[in-house]
Structure formats: structure tokens, C-alpha cells
Amino acid sequence: MSGAKAPPRTDGLAPKDGLRALRTLRHGTAGLYEALEIARAGLGNVFELGFGRFRPVVVASPQGLREALVERREEFSWRPEGDPAARLFRRSILVTDGEEHDRARQAMAPAFEPARLRAAAPAVLAVTDEELDGWPAEGRIDAVEAMRRVAWRSFERVFFGYDLRGGELERTLPGLLAALRYIGPGLWVLRGRAGGVPRGVRPLEEHVRGVIAGRRRQPAEPPTMLDLLLEGFDEEQVRDHALTMLIAGHDTSTAQLSWALHLLARSPEWLSRATREARQAPDGEELAGLRSDDLPVIDAVLKETLRLWPPIHVGGRRALRETELDGYAIPEGQRVMLSYFLAQRDPAAWAAPERFDPGRWLDGGGAPGPYTYLPFGRGPRNCIGAAFANLEARLVLTRLLQRFDLAVTRRPLRGAMGATLEPRGGLLRVRRR
């Protein structure tokens with residue numbers, strides 16, 4: 001476009017920075033977020049990433065994000081043809097555009113109304129207690145594994161009206177993990193196109209189809225999200241939307257809660273403050289009625305967790321026509337990565353951006369400017385489940401701290417970029433009160 005310049009490219013990095021970026025990939029594509037930080041430091045908030053045939057333009061500036069998410073959103077497609085997400089989710093809400101997407105969002109919207117979510121709070125607490133009952137009186141837990149069970153079961157109970165437990169959960173788990181590996185960064189990035197959905201995903205798909213069939217035979221009252229989908233879509237469309245919402249809805253909560261536990265375990269001050277607040281709160285059903293304002297420290301911990309390690313760390317787009325973002329030329333067909341991870345760690349916007357500091361959210365604090373904090377996206381296609389994710393995280397973390405002591409640890413902690421951005425920091429020590 002007239003006046004727009006080409007984004008700087010990562011092959012233009014200083015040699016020492018290029019080598020540092022390559023070294024971050026010694027762990028595979030899971031370390032890609034570290035390479036992005038190095039590239040941003042050397043090239044700025046808009047740059048072209050060179051990685052095999054994967055050459056997206058990365059956008060992390062407030063102006064570029066505003067344009068992509070709101071002002072120029074019609075110039076970009078969400079559907080990543082050839083990517084694993086499009087192959088697995090097919091024609092679901094996450095990977096379709098325009099009227100097709102809007103129809104699905106409108107159908108599901110009643111399930112996410114505030115009154116419905118408040119009514120769901122006891123179910124989340126019940127699942128949390130059931131899972132915590134199975135923890136050791138004193139021992140170690142894998143935070144990701146433990147929080148995945150809570151988030152997965154909570155999602156199905158609230159939005160499918162289904163009580164997943166025991167043997168069925170264990171039989172389905174390998175399929176869920178296979179799906180997450182498939183849609184995360186992998187060798188397909190180098191090839192530029194994904195292979196077919198692996199056979200290992202079948203247990204998950206069979207589970208979802210079984211839940212759909214059961215709900216069709218016996219609708220719930222009031223209707224769950226799955227009931228709403230069954231009222232307006234055919235069998236295959238329901239499969240696409242239900243599978244997508246299950247994977248996206250539980251995996252983001254898994255990552256946020258896992259990070260919160262790991263970060264608290266490495267911050268004695270904030271662990272003490274959050275634990276004290278949790279134990280001063282009601283420990284029965286009254287907890288379900290508390291709002292974020294009633295638990296300001298825990299709310300700040302969760303917000304800061306989302307800032308440092310946003311599970312939805314990137315938004316993928318493809319330019320439908322020649323356009324520009326923040327003054328940089330974006331050719332037709334160009335893949336674009338909207339990096340919420342980089343935006344939320346921008347040293348030009350955030351003081352000490354690498355530091356875990358929930359205090360920045362207390363006493364009226366907040367994001368330093370528009371489009372500097374986007375853990376659930378922004379604009380008309382922001383995350384439909386954001387309010388539930390916030391409610392769930394607040395309830396689960398509070399209940400966990402009420403029932404267990406979390407030990408402080410100094411073990412190294414790093415992220416792994418997969419379907420979401422999850423922690424890799426070993427086991428955590430817990431002790432039942």
C-alpha cells in the first residue's frame with residue numbers, strides 16, 4: 001500500500017541475536033516464544049519471522065493489534081487453511097468467518113450469560129472438591145495434569161451437562177493429549193502444511209460423539225451449551241463446535257491455573273497473601289457467590305498470571321487483500337501472528353515486564369494503555385468463554401488454597417508453546433490442611 005514499508009525480517013538480526021534465537025529452539029518449537037522475544041528486542045513490535053516455510057508477520061504493537069482486531073478486521077480471515085486447527089475443528093466457531101461464525105456464536109451466547117455462569121459456580125466447586133479429595137495428604141502433584149482434570153471435568157459438567165469421571169476419563173485422556181499435540185506447533189510449521197488428523201485423537205472424538213448422542217436423547221433443563229447447539233445445527237456441525245469448545249475451553253483454564261500455582265510457589269510474599277485471603281473467605285457454598293472484588297489479591301494473581309503467560313498467546317490471521325498494520329505492508333495471503341504474549345511484556349508499556357508482580361493490579365492499577373493487555377483477545381471476536389474462565393480460575397484457586405498448603409520452591413521454570421502456553425517446571429509439593 002502507498003507509504004507502507006516492509007516489516008523487518010529476522011534474517012536481518014545481528015548475528016549474535018540470530019544465534020541466541022536459534023538456541024531457544026533446542027527444545028523444539030516449544031521454545032519459540034523465547035525466539036520471539038529476542039526478535040522483538042532487535043527488530044521492534046512488527047517483524048517477519050523466518051522459520052522454514054512458516055514466515056508470518058508478527059504484530060505486537062498496540063496500534064497494529066487495534067487495527068487487526070477491530071479497525072481492519074474484515075481484511076483478515078481466521079481460517080488457517082492447511083493448519084491442523086482447521087483439519088481437526090473443520091467448520092467450527094474458532095476457524096470460520098463471517099455469517100458462519102456469527103451464527104454459531106449467537107447460538108451459544110445464552111450459555112455464557114452472567115446469570116447462567118453464576119448458577120454454574122457450585123458445579124465448578126463440586127468438581128474441584130472431588131479432584132482435591134484424591135490428592136495425597138502430603139506429597140507432590142503435576143500442576144498441569146491436576147488442573148487439566150479439574151478444568152476438563154468442569155467444562156463438561158457445565159456446558160455439556162455430563163459428569164466425566166473414572167475409567168471414561170482415563171480412556172479419553174490419550175485422545176485429548178493427542179489432539180493438543182496435533183494442533184500445537186510442530187514439524188508442520190517447517191513444511192507449511194499439516195498432515196491428516198492422527199488416529200490417536202479417535203478416543204476423544206468418540207467420547208464427544210457419545211456425549212452428543214446422550215444429550216440428544218435426554219435434553220437438559222435449563223439447556224446447556226450443547227443443547228443449544230443441538231437445536232440449531234446438524235450432527236457434524238455440533239461435533240465441530242463441541243470438540244472445539246471442549247479443547248479450547250479446558251486447555252486455556254488448565255494453563256492459567258497451572259501457571260498461577262507455579263508462580264505462587266516461587267513467590268513467598270504473594271503465596272502468603274493469597275492463602276490468607278482464601279482462608280478468610282467462606283469455605284462452603286457461599287464461596288460460589290463471591291465476585292472478583294471480594295477476592296482482590298487472588299484476582300490480581302490471576303490477572304498477572306494471564307499477563308506473563310497468556311494461554312491464548314497468539315492470534316492467527318491471513319490477509320484477504322493487500323493491507324497494512326501499524327504502517328507496515330501486509331500483502332494479500334500473508335500469514336499474520338498477533339502476539340499477545342509480546343504485547344503484554346512490552347518494556348515500553350510495562351514496568352519490569354518480566355517480573356511476577358500482582359501488585360500492579362491492586363489499588364486501582366491496571367493495564368498501562370489500550371491493547372497492552374489482551375489475554376482473551378479484543379473486539380467482536382474476543383473469547384466467548386472469558387467470563388467463565390475468570391470465574392472458574394477464581395473458584396478453583398481459592399478452594400485449593402483453602403484446603404492445601406503449597407510449598408515454596410526455587411526450581412527453574414520455563415514455558416512450552418503448544419496449543420496453549422503451559423509451564424514446564426516439575427512437580428509441586430502440597431500438604432492437606
Side-chain angles (χ1 to χ4, degrees), residues 105 108-128 143 147-148 150-159 225 245-264 270 273-274 277-278 281-282 286-313 315 340-341 343-344 356 358-362 364-367 371-379 381-402 420-422:
R105 190 176 181 108
M108 296 184 205
F112 295 92
E113 292 174 351
R116 294 287 294 276
L117 296 183
R118 287 193 296 271
V124 174
L125 285 173
V127 168
T128 303
M147 292 302 97
R148 186 176 310 286
V150 172
W152 182 11
R153 292 188 60 206
S154 294
F155 184 92
E156 292 214 16
R157 191 172 291 189
V158 171
F159 294 107
M225 182 193 74
M245 295 299 291
L246 170 59
I247 291 177
H250 101 279
D251 200 35
T252 50
S253 293
T254 297
Q256 182 190 8
L257 285 163
S258 302
W259 276 117
L261 293 176
H262 276 289
L263 292 169
L264 284 175
W270 288 106
R273 292 180 64 175
E277 182 177 83
E286 293 178 32
L287 176 58
L290 296 188
R291 301 172 302 173
S292 58
D293 291 347
D294 299 318
L295 297 163
V297 173
I298 287 173
D299 183 60
V301 165
L302 292 168
K303 285 178 177 174
E304 181 70 348
T305 299
L306 286 174
R307 183 193 68 82
L308 267 178
W309 299 103
I312 308 171
H313 51 88
Y340 311 133
F341 174 82
Q344 295 176 181
F356 175 65
R360 69 177 89 232
W361 300 99
L362 296 173
Y371 295 86
T372 59
Y373 183 70
L374 308 99
F376 297 104
R378 189 70 62 85
R381 286 193 64 161
N382 67 325
C383 176
I384 191 173
F388 176 74
N390 287 328
L391 170 71
E392 179 184 35
R394 183 169 68 249
L395 293 174
V396 173
L397 183 58
T398 303
R399 182 68 106 211
L400 193 157
L401 293 176
Q402 287 178 340
T420 57
L421 195 53
E422 292 184 349

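- Put simply, the residue from L374, L306, T372, L421 that forms a side chain to side chain contact (heavy atoms under 4.5 Å, CB included) with Y340 is L374.
- For H250 (side chain) and I247 (main-chain N/O), a donor-acceptor pair under 3.5 Å exists by modelled atom type.
- With a 4.5 Å cut-off on side-chain heavy atoms, L395 and L287 count as touching.
- Between D299 and R291 there is no salt bridge, since none of the side-chain N atoms of the basic residue sits less than 4.0 Å from a carboxylate O of the acidic one.
- With salt bridges taken as basic N to acidic carboxylate O contacts below 4.0 Å, none links E113 and R116.
- Inter-residue side-chain proximity for L290 and T398 is flagged as unmet; no heavy-atom pair is nearer than 4.5 Å.
- At least one side-chain heavy atom of V124 sits under 4.5 Å from a side-chain heavy atom of V396.
- Checked by atom type, the side-chain pair S253/E392 shows a donor-acceptor distance below 3.5 Å.
- A perpendicular orientation is assigned to the rings of F159 and F388, their planes being inclined by more than 60° (bins at 30° and 60°).
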(message) Please evaluate residues V301 and W361 with respect to the criterion side-chain contact (heavy atoms from CB on, under 4.5 Å), reporting the C-alpha separation (whole Å), side-chain torsions for both, the decisive distance (0.1 Å), and the verdict.
(response) CA-CA 8 Å; V301 165; W361 300 99; over 6 Å; no
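- Annotation: cation-pi pair R378/Y371 present, NZ/CZ under 6.0 Å from the ring centroid and within 45° of its normal.
- Residues W309 and L263 form a side-chain contact, since some pair of their non-hydrogen atoms from C-beta on lies under 4.5 Å apart.
- One N or O on the side chain of Q402 and one on the backbone of P282 form a donor-acceptor pair closer than 3.5 Å.
- L362 is not listed as a side-chain neighbour of P358, based on a closest heavy-atom distance of 4.5 Å or more.
- At distances below 3.5 Å, at least one donor-acceptor pair connects side-chain atoms of E277 with backbone N or O atoms of I298.
- Of the inter-residue distances, the one linking R148 atom CZ with E422 atom CD reads 5.0 Å to the nearest 0.5 angstrom.
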(message) Between F356 and T305, is the side-chain contact (heavy atoms from CB on, under 4.5 Å) condition met? List the steps.
(response) CA-CA 8 Å; F356 175 65; T305 299; 4.1 Å; yes
(request) Kindly determine whether Q344 and L308 satisfy side-chain contact (heavy atoms from CB on, under 4.5 Å), including the steps that lead there. (result) CA-CA 7 Å; Q344 295 176 181; L308 267 178; over 6 Å; no
